[in-house]
Each structure stands twice: as structure tokens, then as C-alpha cells.
Amino acid sequence: MPPQTQAEEAAIVASGIAAFNSEMEQGSGGKEADGGRDSAFTMKSLLWHGGSAWDAWFSCASNQVAQVLLTLPYSFSQLGMLSGVILQLFYGIMGSWTAYLISVLYVEYRTRKEMENVSFSNHVIQWYEVLDGLLGRYWKAAGLAFNCTFLLFGSVIQLIACASNIYYINDRLDKRTWTYIFGACCATTVFIPSFHNYRLWSFLGLGMTTYTAWYLTIAAVVHGQAEGVAHSGPTKLGLYFTGATNILYTFGGHAVTVEIMHAMWRPQKFKYIYLLATLYVFTLTLPSAAAVYWAFGDQLLTHSNAFSLLPRSGWRDAAVILMLIHQFITFGFACTPLYFVWEKVIGVHDTRSICLRALARLPVVIPIWFLAIIFPFFGPINSAVGALLVSFTVYIIPALAHMLTYRTPSARQNAAEKPPFFLPSWAAMYAVNAFVVGWVLVVGFGIGGWASMTNFIKQVDTFGLFAKCYQCPKPQPPPAPAPQQHH
């Protein structure tokens, strides 16, 4: 490219970036941002209308832990203590890196569209649209397929977790019946318009998981080690990689990153928010998983829900109830992007009527409800989803998309976001991205997929599809009648 042409192009892009930043300073999201400014001090804006960096942090941290907090001790029993800690740190940092890449690609897409005078005043940008705008329709199709399938099963997992948890408070109903009940309750999330409106729920959700994590830690330490406890993990290669993919799933919760960014008044501030959220999540996941594994050891191999081994108490019941509420919130987080996609398909995404949008969203909940009843395997399903869906959705595709978007010198020179201060070279970024793609493709999808699917099929063979009460204790047989004495 001639130097003069290159300079002109750079000047045009710079003016576009300036316009984009100016709009973001004023507030993102059109009418929603206006509402935030007009009612800055009303109770409605305080509780209902979020868009700050703090709102995004609460959303990321709250969405990241969820029910997986209860299955991490199960993963530690498969991995062993040392591998469990190392893999949490490794996948946490890797997840933060790919979330950063997604945020960079969002800003690049948004900047280019602003230069074309495209308005998003009543439209929520989604990940597949970013891929479409930057790389074309085939990438759009891949992003749409993987993202929607992951979010679908992410919602299924929340329903399964609700039924699994409530059973430890009230076992008069089996887990399948509880799944019916909570499916109906979670369907009410159709009335929450967008991620702007999760401000209060995100704050409460993080408080609930914080309580639960520290309850698990303290209760396990107070309980002490169970009699004859053994810590033999890792013992089998299949179990080892099943546990590893559950941790990969734990830190792969950024399938909703673009929607959270779009709900921010200044999306360019998102870059390091996911990393900060992950650092906080480490303070919840590491102590709780380590403490429960220390206390119960190999017993966790047949108890994928940590609540099942802790003695019943008021503290445990409170943790169960708080996790149930949090899973309702996380169900909404996972389902809301699916609602947006469905609204766009049937042409009601631009309507201002909450009731019309809620009615249009209901068909999305039905298949989720049905799948939760077919596959009630709390724990093993996390690993299968992690290996087959999370590996591509939030690790491989973002890393490849970043490499291809900035493959030319012109794209790198005119990038809306330059390489970060801690990795200021494009070559270094390419090297890190190539490592992420290679590692997750081989270890996460390949070996992890084999291990997790082997374990998943074993659960199907043991309990069957539509299992009425997965991993429930078998009822005790009635005592035999005392023999009658004949005189």
C-alpha cells in the first residue's frame, strides 16, 4: 500500500474511533442510556438500569461461578489436590485472555460500523454478529451454532442444579418433579429485557455465591476429615481429563461477554474487567474445593454435589436456598442471548413492548426444560459441555478470529485496540493465541472430549435417560418382621 494511501486510511479510521469513543462517553445503548441519564437518582435506575464498569464486574463474577462451585470438589477428587489448584489458575488466566480478545473484537466491529453510520440504538450486538462483520458468514454460522448450543446446555445445567440442590432440603419429591417446578419458575426470566436490567440480581447473585463458597470451606474444616478418608486421585486417565474439562467449563462463562459489554455505557472499559472478576472468583473456588476435598476425599467420586456430604444444618439449608436463587439468575444470564437471537429470527427484537417480547421468548424455554429432564446428570454434563462446546465457543473461536482479523499489516496498523501494555507485540499475541488454540483443541476438545463423553455414557448406562432421581440414596428396605414364637 503506498504511504500516502496508508496515511489517509489511518486518518479515516482514527476519526471513526474518536466518534465511537465520543458516543461511548455519552452512553451506549441509545434509549436505554438516555433513561439512565434522565433518572440518575431514581430508585428504578439504582436497582434496574445498570451500565457501569461495576455492573459489568458483578455480572461477570456472578455468572462465572454459579452451580459449578458445587462440582469443583468432585473435580478435585478426579484430579488430585495439586492438579486441581494448578488447572484452576491456568484456565482462569486463559479464560481471561480470550474474554479480552472478545472485547477487542467487539470494539473493532463497533468502530467499523460507527464509521458506516450504523446505529445500535435499539439493537443488542451479539457475538455471531461481530464474527459476521469482521470475518464473514461462515464464521457467523460457526459462532451462532456453538454459542447457542452452549448457552442452551448452560441453561439446562442450571435447571438440573436447581433440582439437585432442593432435594437436600426436601426429599419428599424426586429430582425430576423438582425440575418440572423450577422449569416453570425460571421461565419468568422472559420478562427481563436485557443485561441492563440485571444490576440488582448480579449484586445479589455474587453475594449468594460468596456465602455458599465460604460455607463450604468452613463447614468442611469444622467437620474435619471423614473416617478412613483417602485422597487417591488421580487414579484413571479418563477421570483426570473429565475433571480438567469441568474446570475448563468453570472459567468459560464468557459466552455472554458481548451482551454484557453492549449493556455498558462505556464498553471500551471492559478490557480487564473479566480478569478482575476471575481474581475474585479464585478466592471462592480454591478454598472451597480444596477444603471439601480434604475433608471427604474419594467419597466425592460418587457425590458430584458437595452439599450431599455435608451434614444438614440451618447454615447448609441457607446455602442451598441462596444457590437456588442464584441459579435462577444464572439461568437468565444464559438464556437472555438465546432470547435475543430468537427475537431477531421472528422479527420482534426492535419492539418496545416487554409483554410482546416475553410472549415471543417462551418457546426458547421449552426445549431447555425437556433436555434437563432427559439428561439429569449433575456434574458429568458440565464436563461434556466444557469439552465439546466451551472449548470452541470461548477459547478456540475467539483466538482464531483475533488472528484472522489482524492478519494483514493494514488491519494491525488501523486496529481500534492496539496490543496490551503487558504484551506489546503483535507477534507475541499471535504466539499466545496459537498456544490457546493448540492446547484447547488437543487437551480440551480431543482428550477431554473422549474422557467426558465416556463418563457421560457411563452415567446413561447406569441411571438411564429420564432418570427419576439421579444419585439419590436408595431407600432403606423395611425391617423384617420379628419371628413369631410358638409355644
Side-chain angles (χ1 to χ4, degrees), residues 65-89 92 161-171 175 206-236 239-240 242-244 246-247 250 279-327 378-380 382-383 455 469-476:
V65 281
Q67 51 74 37
V68 80
L69 189 69
L70 306 176
T71 64
L72 284 174
Y74 167 67
S75 296
F76 269 48
S77 70
Q78 297 168 321
L79 293 163
M81 186 74 80
L82 181 61
S83 290
V85 172
I86 291 173
L87 285 174
Q88 275 206 47
L89 295 172
C162 285
S164 179
N165 290 342
I166 192 65
Y167 185 78
Y168 298 114
I169 289 182
N170 185 336
D171 59 5
K175 291 182 181 179
L206 189 58
M208 292 167 187
T209 49
T210 300
Y211 171 88
T212 303
W214 285 106
Y215 158 73
L216 292 174
T217 305
I218 295 169
V221 171
V222 170
H223 179 277
Q225 290 191 311
E227 185 177 352
V229 68
H231 300 87
S232 57
T235 55
K236 296 180 180 178
L239 288 178
Y240 184 88
T242 299
N246 186 40
I247 294 179
T250 302
L279 294 177
Y280 179 78
V281 167
F282 282 150
T283 69
L284 307 181
T285 58
L286 288 169
S288 59
V292 176
Y293 177 56
W294 168 83
F296 298 103
D298 292 350
Q299 291 183 52
L300 287 158
L301 289 169
T302 54
H303 295 80
S304 55
N305 190 325
F307 282 143
S308 64
L309 289 172
L310 291 166
R312 183 165 185 176
S313 66
W315 298 104
R316 194 192 76 163
D317 289 353
V320 170
I321 293 168
L322 291 177
M323 282 305 291
L324 287 172
I325 300 171
H326 183 263
Q327 279 147 11
F378 185 68
N382 292 15
S383 299
N455 187 39
C469 208
Y470 176 67
Q471 286 188 340
C472 296
K474 294 181 179 178
Q476 297 294 326

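By convention here, the first residue in the shown sequence is residue 1. For clarity, every value in this text was computed on a predicted model and none was experimentally measured.
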Kindly give the heavy-atom pair with the smallest separation between [X] and [Y], and that separation in Å.
X	Y	value
Leu79	Ala244	CD2-N, 3.7 Å
Pro311	Arg316	O-CD, 3.7 Å
His326	Leu206	CD2-N, 4.5 Å
Leu310	Ala219	CD2-CB, 4.1 Å
Trp294	Ala220	CZ3-O, 3.8 Å
Ile247	Gly84	CD1-O, 3.9 Å

From [X] [atom1] over to [Y] [atom2], what is the distance, rounded to the nearest 0.5 angstrom?
X	Y	atom1	atom2	answer
Leu72	Ser77	CG	OG	11.0 Å
Asn165	Asn170	CG	CG	13.5 Å
Ser304	Asn455	OG	CG	9.5 Å
Leu309	Leu300	CG	CG	5.5 Å

I'd like to know if the side chain of Ser164 pairs up with that of Asn305 as donor and acceptor (distance under 3.5 Å, no hydrogens or angles considered). yes
With side chains defined as the heavy atoms from C-beta onward, is the minimum distance between [X] and [Y] less than 4.5 Å?
X	Y	value
Ile166	Leu324	yes
Thr209	Val281	no
Tyr240	Ser83	yes
Phe307	Leu216	yes
Thr285	Val68	no
Tyr167	Ser308	no
Thr250	Gln88	no

With sequence neighbours excluded, residues passing side chain to side chain donor-acceptor pair (under 3.5 Å) with Tyr211: none
Are any side-chain N or O atoms of Gln78 and backbone N or O atoms of Gly233, one a donor and one an acceptor, separated by less than 3.5 Å? no
Under a 3.5 Å distance rule, please check whether Thr217 uses its side chain to pair with a backbone N or O of Ala213 as donor and acceptor. yes
May I ask you to decide if the ring planes of Phe76 and Tyr293 are parallel, tilted or perpendicular, using 30° and 60° as cut-offs? perpendicular
